[in-house]
Amino acid sequence: MPAMSVLRNIEHRIESLVEGVFGRAFRSHVQPVELARKLAKEMDEHKTVSISRVYVPNEYVLYLAPNDRKQFATYEASLLTELADYLSEHARREGYSLLSTPKVLMEEDEDLDMGEFGIATRLVQAPGEQGEPAKDAPEPVMGGTKVFAPPPSSTAAVSAAEAQELGLAHESRARLKVDGKPYDLSRDVVVLGRSRECDITLDDANVSRRHAEVRRENGNWFVVDLGSTNGIEVNGKRTDRAKLEHDDRIVLGQTEVMFERS
């Protein structure tokens, strides 16, 4: 597989950890792909040239504002692993030498505003490393911390377009809750009704056999009435079609369905 394809696949995995990337971008949160690319840039800018090799840092510390780190709380370990994989592949592609497999850590810094982040680099011999280091290996080096400010909104839009082109854009995760039971919306169209042939069967005499469908269109979710007898309501309002937002309440017959998006 070409090196660029490998990098893009890793970027894809990084972004897959965070559904709804564009929604967060416009709220000025730090984007995972931006972290990956700035980490690679710091690797490039902290090269140490020896007699026969080009060494680069093998430890990186990300400093994030508390609100930015909070958004990664449920998958921080997975994200850090993917970022380390990204750095490994970048080093391999550029022909850099590493004293150990790259390691990425994350810490909070209350002095940073939302959207800002810092990166500190270190070139260290990993503790417990087997064997002797290369003869021309450099002495351990602690790099400074560079702070990156969030781009203006126009730049963020360009970044979003670039991510779309690279195949990094993903829809946010959505689900329905019927009587407290969750149903993940893993398909573009999900039909609800009394019929056993529906994707979600509702045990309600006031619900038509094929009552309504929830469908994804251009990254948004809609509920659409399928010509049912009793119609549908969204947040107390009768409608034939409505765009859904997080925590919207849909009523079909006597059945309440909650829409959730994360």
Side-chain angles (χ1 to χ4, degrees), residues 1 3-43 56-93 96 98-109 112 114-122 124 126-128 145-146 148 150 156 159-160 162-175 182-187 216 219 246 260-262:
M1 179 181 293
M4 183 56 72
S5 296
V6 174
L7 283 172
R8 288 183 178 178
N9 284 340
I10 297 174
E11 286 183 340
H12 191 145
R13 295 205 308 269
I14 292 170
E15 219 33 281
S16 293
L17 292 168
V18 186
E19 302 295 333
V21 58
F22 295 116
R24 275 185 292 276
F26 292 116
R27 291 199 295 272
S28 298
H29 274 303
V30 170
Q31 299 180 44
V33 165
E34 183 67 10
L35 293 177
R37 290 174 178 169
K38 287 296 192 291
L39 284 166
K41 183 178 179 181
E42 287 301 287
M43 175 180 279
V56 289
N58 54 340
E59 290 193 7
Y60 299 78
V61 182
L62 290 168
Y63 295 94
L64 273 65
N67 283 342
D68 278 322
R69 188 181 187 184
K70 184 179 180 180
Q71 68 171 328
F72 303 136
T74 58
Y75 54 91
E76 181 177 303
S78 296
L79 176 59
L80 294 179
T81 297
E82 294 291 356
L83 291 172
D85 288 346
Y86 187 86
L87 289 173
S88 291
E89 180 57 31
H90 182 72
R92 187 196 67 78
R93 178 178 174 234
Y96 297 148
L98 292 157
L99 294 180
S100 66
T101 302
K103 182 177 182 180
V104 182
L105 306 172
M106 187 178 290
E107 296 184 10
E108 290 182 15
D109 187 336
L112 294 173
M114 186 174 70
E116 292 183 337
F117 62 94
I119 299 176
T121 63
R122 301 169 180 163
V124 298
T145 301
K146 182 181 291 186
F148 298 89
S159 176
E162 179 188 12
Q164 179 76 44
E165 181 181 349
L166 291 175
L168 303 175
H170 294 274
E171 306 302 333
S172 61
R173 186 169 299 164
R175 67 179 180 177
Y183 295 86
D184 288 332
L185 296 174
S186 58
R187 300 165 57 183
R216 177 167 48 191
H246 179 64
E260 297 181 345
R261 191 168 187 173
S262 59

Closest heavy-atom contact between [X] and [Y]?
{"X": "Leu39", "Y": "Val104", "result": "CD1-CG1, 4.4 Å"}
{"X": "Ala40", "Y": "Leu87", "result": "N-CD2, 3.8 Å"}
{"X": "Tyr63", "Y": "Asp109", "result": "CB-CB, 4.3 Å"}
{"X": "Tyr86", "Y": "Ala36", "result": "CE2-O, 3.4 Å"}
{"X": "Pro32", "Y": "Leu79", "result": "CB-CD1, 4.0 Å"}
{"X": "Arg175", "Y": "Pro182", "result": "NH1-CB, 3.7 Å"}

Euclidean distance, [Y] [atom2] relative to [X] [atom1], rounded to 0.5 Å:
{"X": "Leu83", "Y": "Leu35", "atom1": "CG", "atom2": "CG", "value": "6.0 Å"}
{"X": "Glu76", "Y": "Thr81", "atom1": "CD", "atom2": "OG1", "value": "10.5 Å"}
{"X": "Ser88", "Y": "Arg92", "atom1": "OG", "atom2": "CZ", "value": "10.5 Å"}
{"X": "Gln31", "Y": "Arg37", "atom1": "CD", "atom2": "CZ", "value": "9.0 Å"}

- Going by an N to O cut-off under 4.0 Å, is there a salt bridge joining Arg69 and Glu107?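 No, Arg69 and Glu107 are not salt-bridged.
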
- Message: Under 4.0 Å between a side-chain nitrogen and a carboxylate oxygen: does that hold for Glu34 and Lys38?
- Response: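 Looking at Lys38 together with Glu34, the answer is yes, because their closest N to O distance falls below 4.0 Å.
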
- Can you label the angle between the Phe72 ring and the Tyr75 ring as parallel, tilted or perpendicular, going by 30° and 60°?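 Perpendicular, since the angle between the ring planes exceeds 60°.
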
- Task: Could you walk me through whether Glu59 and Thr121 pass side chain to side chain contact (heavy atoms under 4.5 Å, CB included), step by step?
- Result: CA-CA 6 Å; Glu59 290 193 7; Thr121 63; over 6 Å; no

Quick check against the 3.5 Å criterion: does [X] have a side-chain atom that pairs as donor or acceptor with the backbone of [Y]?
{"X": "His246", "Y": "Glu260", "result": "no"}
{"X": "Gln71", "Y": "Val30", "result": "yes"}
{"X": "Asn58", "Y": "Lys103", "result": "no"}

Validation row: [X], [Y] side chains within 4.5 angstrom (heavy atoms):
{"X": "Lys70", "Y": "Leu64", "answer": "no"}
{"X": "Glu108", "Y": "Pro66", "answer": "yes"}
{"X": "Leu62", "Y": "Ile119", "answer": "yes"}

- Message: Is there a side chain to side chain contact (heavy atoms under 4.5 Å, CB included) between Leu185 and Tyr183? Walk through the geometry before answering.
- Response: CA-CA 6 Å; Leu185 296 174; Tyr183 295 86; 5.7 Å; no

- List the steps and the verdict of side chain to side chain contact (heavy atoms under 4.5 Å, CB included) for Met106 and Leu80. CA-CA 8 Å; Met106 187 178 290; Leu80 294 179; 3.9 Å; yes

- Item | Tyr60/Leu105 under side chain to side chain contact (heavy atoms under 4.5 Å, CB included): CA gap, chis, key distance, verdict | CA-CA 6 Å; Tyr60 299 78; Leu105 306 172; over 6 Å; no

